[in-house]
There are 2 protein chains.
Amino acid sequence: MGFSAAEENYIKAIWKLQKDNTNVTTNALSEALKTKPASVTDMLKRLKDKNILNYLPYYGVQLNAEGQQAALLIIRRHRLWEYFLAEKLKFDWDAVHPLAEELEHINSPELTNRLDAYLGYPQIDPHGDPIPNIKGQMPVTTRIALADYALNQPAVVSGVLNQSSELLELLKHKKITIGATIEICRRFEFDGSLEIQLQDLPLITLSSYLAQNILVKPLQL
Amino acid sequence: MGFSAAEENYIKAIWKLQKDNTNVTTNALSEALKTKPASVTDMLKRLKDKNILNYLPYYGVQLNAEGQQAALLIIRRHRLWEYFLAEKLKFDWDAVHPLAEELEHINSPELTNRLDAYLGYPQIDPHGDPIPNIKGQMPVTTRIALADYALNQPAVVSGVLNQSSELLELLKHKKITIGATIEICRRFEFDGSLEIQLQDLPLITLSSYLAQNILVKPLQL
DNA sequence: CCAATAATTTAGATTTGTCTAAATTTTGAT
DNA sequence: ATCAAAATTTAGACAAATCTAAATTATTGG
């Protein structure tokens, strides 16, 4: 019933790549986990024996219900620790991820749930991602990429699509934080870049690629 | 410069068995770590190659200066996490040890030192053991076993000699906690048992063996 | 001081998780 | 539809950390 740290990393990676209901490929996992494809194949066979996923050789893999539940509980631990590190220990939001990668593997429901209570049952982590509850249920969030958001409609920054240190560094430089109010003033068709207003600061420009990685939700909702 | 979790457990075990400056034997380590003597020999050879201990085959082992420093930093992490679990997450003191055994292996000076600051630089953990500082220095404490303490001298309970769940369960039942005021009223020579007064509760009796495992310090000091 | 016992080490095997190199299967372009 | 390229799996090896069984070394009692 318990998984090793390596197994948990595979479970998490499969879950993340499984967004739509497509099969996850060996190469995609190899890329995500920085291991060789042959190693992925080995591990998939072992996880299949543990009955947490459907693996068809040459055709990829999908977590079954049990595997998804396991993934959500790992992600719950990860995001609760991220919240703790940022909120209580005052780590920068771009420093919490690697530490949470280690803390998440301590699998003690008692610890996780007490931490959750201590933190006040937070709903989103420092990157704006929802935190699954004790049953592994994810709060539903209606979020859309800033790149696809309407003109002249106030919105709230609610997350980012990846947490590379490069992205987080850029956001810090532009003073874009979770919870900030934002509005698109102009969209340039030529390169998809946006002119935006953040709080009441002067207008700034964001590249199309950056705007695709920033998630927002409508202000009034 | 980094050690695996298994290596850290050996380092910690050697440190604990090394109280006086005697050599630590293979069998003692095997007993403490619940592994076979052959496994201990293997690991000692590996740790010797890392230059953190003096290992003479058939004659036991001692940590060198570098090994002791490593041990103290592991113990620092362990005790800070114990303090966090008891103080912030409200775990019973007999539940914190196994969780701290896992948390201690996350070796991030930044994490450890921020945790230390967040907790207010505590000097002793929930079991009354001193917490090494950022340099690995242990606060000096003058503590003596209750069994060896003077009659009719008020003292403060300041620690326990081992943290088996059995001992902690017994202490909880007798309402003996770290910081409580205690005084020996009678000592029976026949079996070494003690009659003691705790705070202003009715007199109770402690076995000699129990009293050997409770550490106290003089009240006025 | 020497034999029996206790402690320790060596030798060889196992599990987990990884790798490289080779073989196999699928895919895609013509 | 076929064949080259890409993706994937298989085979065999390795390191870490453990084990069992056998060999070796130290200790101790008579």
- Query: Are OP1 or OP2 of D/dA21 and a side-chain N or O of B/Lys36 less than 4.0 angstrom apart?
  - Reply: no
- So, is B/Arg46 near the phosphate of D/dA16, with a side-chain N or O under 4.0 Å from OP1 or OP2? no
- Task: Would you indicate what B/Ser39 reaches in the nucleic acid, counting non-hydrogen atoms under 4.0 angstrom: base, sugar-phosphate, or nothing?
- Result: base
- For B/Asn27 and C/dT8, is the shortest distance between a side-chain N/O and OP1 or OP2 below 4.0 Å? yes
- Query: Between D/dT9 and A/Tyr55, is there an OP1 or OP2 to side-chain N/O distance shorter than 4.0 Å?
  - Reply: yes
- Task: Show your reasoning for whether side-chain contact (heavy atoms from CB on, under 4.5 Å) applies to B/Gln163 and B/Asp129.
- Result: CA-CA 11 Å; B/Gln163 30 222 59; B/Asp129 293 314; 3.5 Å; yes
- Pick the nucleotide of DNA chain C nearest each of A/Ala38 and A/Ala6; which residue has the one closer to the 5' end? A/Ala6
- Residue of the set A/Leu17, A/Leu29, A/Asn23 for which side-chain contact (heavy atoms from CB on, under 4.5 Å) holds with A/Val61: A/Leu29
- Remember a base hit wins even if backbone is also touched, and classify B/Thr35 as base, sugar-phosphate or nothing at under 4.0 Å, heavy atoms. sugar-phosphate
- Message: I'd like to know whether A/Phe3 forms a side-chain contact (heavy atoms from CB on, under 4.5 Å) with A/Asn107, so could you lay out the CA-CA distance, the side-chain angles of the two residues, the decisive distance to 0.1 Å, and finally the verdict.
- Response: CA-CA 9 Å; A/Phe3 301 103; A/Asn107 181 1; over 6 Å; no
- Report yes if at least one side-chain N or O of A/Ser4 is closer than 4.0 Å to OP1 or OP2 of C/dG17; otherwise report no. yes
- Sort out for me which residue in A/Lys50, A/Arg46, A/Lys12, A/His105 forms a side chain to side chain donor-acceptor pair (under 3.5 Å) with A/Glu7. A/Lys50
- Is there side-chain contact between A/Tyr121 and A/Asn133, with at least one heavy-atom pair below 4.5 Å? no
Is there any protein nitrogen or oxygen under 3.5 Å from a nitrogen or oxygen in nucleotides 23-26 of chain D, and what are the pairs?
from   : atom 1 : to      : atom 2 : distance (Å)
D/dT25 : O4'    : B/Tyr58 : OH     : 3.4

- Query: Can you tell if the side chain of B/Leu80 reaches within under 4.5 Å of the side chain of B/Asp116, non-hydrogen atoms only?
  - Reply: yes
- Describe the nucleic acid contact of A/Thr26 in one word from base, sugar-phosphate, nothing, applying a heavy-atom distance below 4.0 Å. sugar-phosphate
